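Remarks on the structure that follows.
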Amino acid sequence: MIFTKDILSKPVYSKLDHPIGKVVDLSIAIYERCPKILGFLIEFSQIKYIDRKELIEPARNIRLMVGAKFVKLLSGKFKLTQKEEFLPVQYLHKKEILINKNIIDQTILNLKKEAIGRVNDVVIFEEDGYLKLYGISVGIVGLVSKLGLEIPIELLDKGLGKSFLESVISWKYVKEYRLQKGEIVINSINPMQTEEKISWNQIRSKKKKSKLKKPLIANLIKFIHIGRRKNGK
Amino acid sequence: MKFFFSRVRTKGLKVPSLKGTWWKLGLFVAVMGPGIITGNVDNDIGGIATYSSAGASYGFKLLWILLLSTFSLAIVQEMTARLGTITGKGLGALIRENFGFRITFYVLLALLLTNFANTISEFAGIAAGTEIFGISRFWSVPIAALFIWFFSMRGNYRTIEKLLLIFCLFYVAYIFAGFLAKPVWSDVITSTLIPSFDLKDIGLVTMTITIIGTTIAPWMQFYQQSTVAEKHILIKQYKYEKLDTYLGSFLTNFVAFFIIVATGATLYKNGIRVTEASDAARALVPFAGKFASSLFAIGLINAGVMAGFVLPISTAYSISEGFGWQNGMGKKFKEAPRFYALFTILVFVSALVILFTKLNLIKVMLFSQTLNGILLPVILFFMLKLINDESIMGSHINTKYQNFVTIITIVSVSFLTILMLLLTFWPAIKVFIL
């Protein structure tokens, strides 16, 4: 289990192990109850790429959506499985959204449409070799880690011998997603009923344990319909 | 799970069902409030002190500056009102959603500190104003704090807005004080319309920068946008909100104009210099009479109470929006507990600071002014980014002309604010700059 912020801004390496860009976002399908990570939005420092069968001349700092099957993790590094000039350009499908752009920092509403907080981060987990969205972090730990203040929390954690708890609302409780308004409606009036407490230790230990080394991302997403997406918007 | 793309706002502000001119007037009355209130609160204790000092030190020489700063204020506040109308969200919410938590956190922290410092100075103004009438601060400050708190807790948005609009009327006291000071009106008009400046006069240059620097403060953008959003003003009603904004910007400097006239016609003429607004009220007695002095003091108390209302509310709005908490003056305490808790803490802690500590208010004001100066260019930059984002504003983005004027305004206001800070903290720099 990891926070999305731990993946964002991570460098991406070419097949020949040269740094060529960084991860700026992850895409998911909105209609799934437990959405898989479908693609990586990567900002390339310089790249030649194919768009609609045409080879595009080298472009700098361009953001391209790369299907998850073309990205894998090796030795803690995101690596492309194909030469970058052969990467087909993909587009976000109508019912796909970006985690960083469309979910993080958006407002959470309860069933009465009352604001109950904001999404501090998105928790991702691994299941059956896929990276999936687990839930939305709404607690203080998510905020503190976004401020880059994890070390004091860890020190306090060790000093007090008591683990900080992070509140996470599982994605299965999300009832509606309003893209334009930036609102997520959860299926409950009392958010406490939907919140799950995950300890800081738990997040850390799991992070340490996996460090995203084990999952082979190249094998994670098997059903990305490139043709369908190419015709999408 | 439903998936909505539509952003059409169907619930809008309730407006009177009249026809023709009366309908338009009714619509304006229904919409007006955010712009006029924000504009008037700009003339808070700090603002009155600046204008009093400008009038006492330089007479009418700086009146023409007010004309220019009115345009800057109107341009920035119009952008704020447009952002609120189109998105239905406050600035705190938009910054969090578009620039992330880290930036929002530091912006809101700076806003909290600067508004807290300003709220303390508002209560200091109430204390000083009532002491002119022989009322102890141990009576006036708690009563003012309780009054502010009670009405905010009991009233809904419309009631509070009406109350604040009534407070705006009290600013007329400065207009009367200006007339009672019996200025030579031909001099006043000449100084307003014909710019005169002496670059060698370092004090005059500093005062000019201070006047412009105090005209636009970050809390104004947060407050106006939040209240526009809370009123649910629709796009078709926006022209009335625009009028409200322009009227507010005009009224602010219209009142400031009379403060300078009142002090310029009396204190400047008799060589009396003041740095605080309450000193100006006291000093007016021998030259403009006790009535004019009392009007000045009443204006001061009114400004303190009004800003004592608005600054904590503006802070509570911004922080609640940033964190996604339920907020709004139309809600009850149990519906928006964090919003009201923040408001309550700010009001009562500020009042207690004035009653029980010997805080150096000049240092507090300086601190708040510094934070304002740092924060303002940042806020204006974010606003410009947001208002030019088609995915947020649709077809209501700035035109090229608006962007040009706005950028010029932002650059000049930011430059002058930075210059003001440099001159405050490093007076020796005057030699190099001027």
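Throughout, protein chains are lettered first and strands after them, A, B, ... in sequence-line order, and every chain is numbered starting at 1. Computed from heavy atoms alone, side chains included, the values below leave out hydrogens, waters and symmetry copies. These numbers come from a predicted model, not from an experiment.
Note that the CZ atom of Phe101(B) and the CD1 atom of Ile104(A) stand 12.5 Å from one another [nearest 0.5 Å]. Within the model, atoms CD of Gln326(B) and NZ of Lys112(A) stand 10.0 Å from one another, a figure rounded to the nearest 0.5 Å. If you take CZ on Phe323(B) and CD1 on Ile116(A), they are separated by 15.5 Å, rounding to the nearest 0.5 Å.
Here Glu97(B) is the residue among Lys331(B), Glu97(B), Arg338(B), Glu335(B) with the most heavy-atom pairs under 4.5 Å with chain A. The candidate from Leu143(A), Thr107(A), Ile108(A) with the greatest count of non-hydrogen atom pairs under 4.5 Å with chain B is Leu143(A).
Ala336(B) does not touch chain A: none of its heavy atoms, backbone or side chain, sits under 4.5 Å away. Only the side chain of Lys89(B) comes within less than 4.5 Å of a heavy atom in chain A; its backbone stays farther off. Heavy-atom distances place both the backbone and the side chain of Asn120(A) under 4.5 Å from chain B. The contact between Val119(A) and chain B is made entirely by backbone atoms, counting heavy-atom distances below 4.5 Å.
Residue Trp325(B) qualifies as enclosed at atom CH2: its count of foreign heavy atoms under 6.0 Å is above 12. Within 6.0 Å of CZ on Phe333(B) lie more than 12 heavy atoms contributed by other residues, nucleotides or ligands. At most 12 heavy atoms of other shown residues, nucleotides or ligands fall within 6.0 angstrom of atom NZ in Lys101(A). Atom CD1 of Ile140(A) has 12 or fewer heavy atoms from other residues, nucleotides or ligands within 6.0 Å. Under a cut-off of 6.0 angstrom, the local environment of NZ in Lys334(B) is sparse, with at most 12 non-hydrogen atoms contributed by other residues, nucleotides or ligands.
Pairing each heavy atom of Arg118(A) with each of Glu321(B), the nearest pair is NE-O, 2.8 Å. Between Gly324(B) and Ala115(A), the closest heavy-atom pair is O-CB, 3.5 Å.
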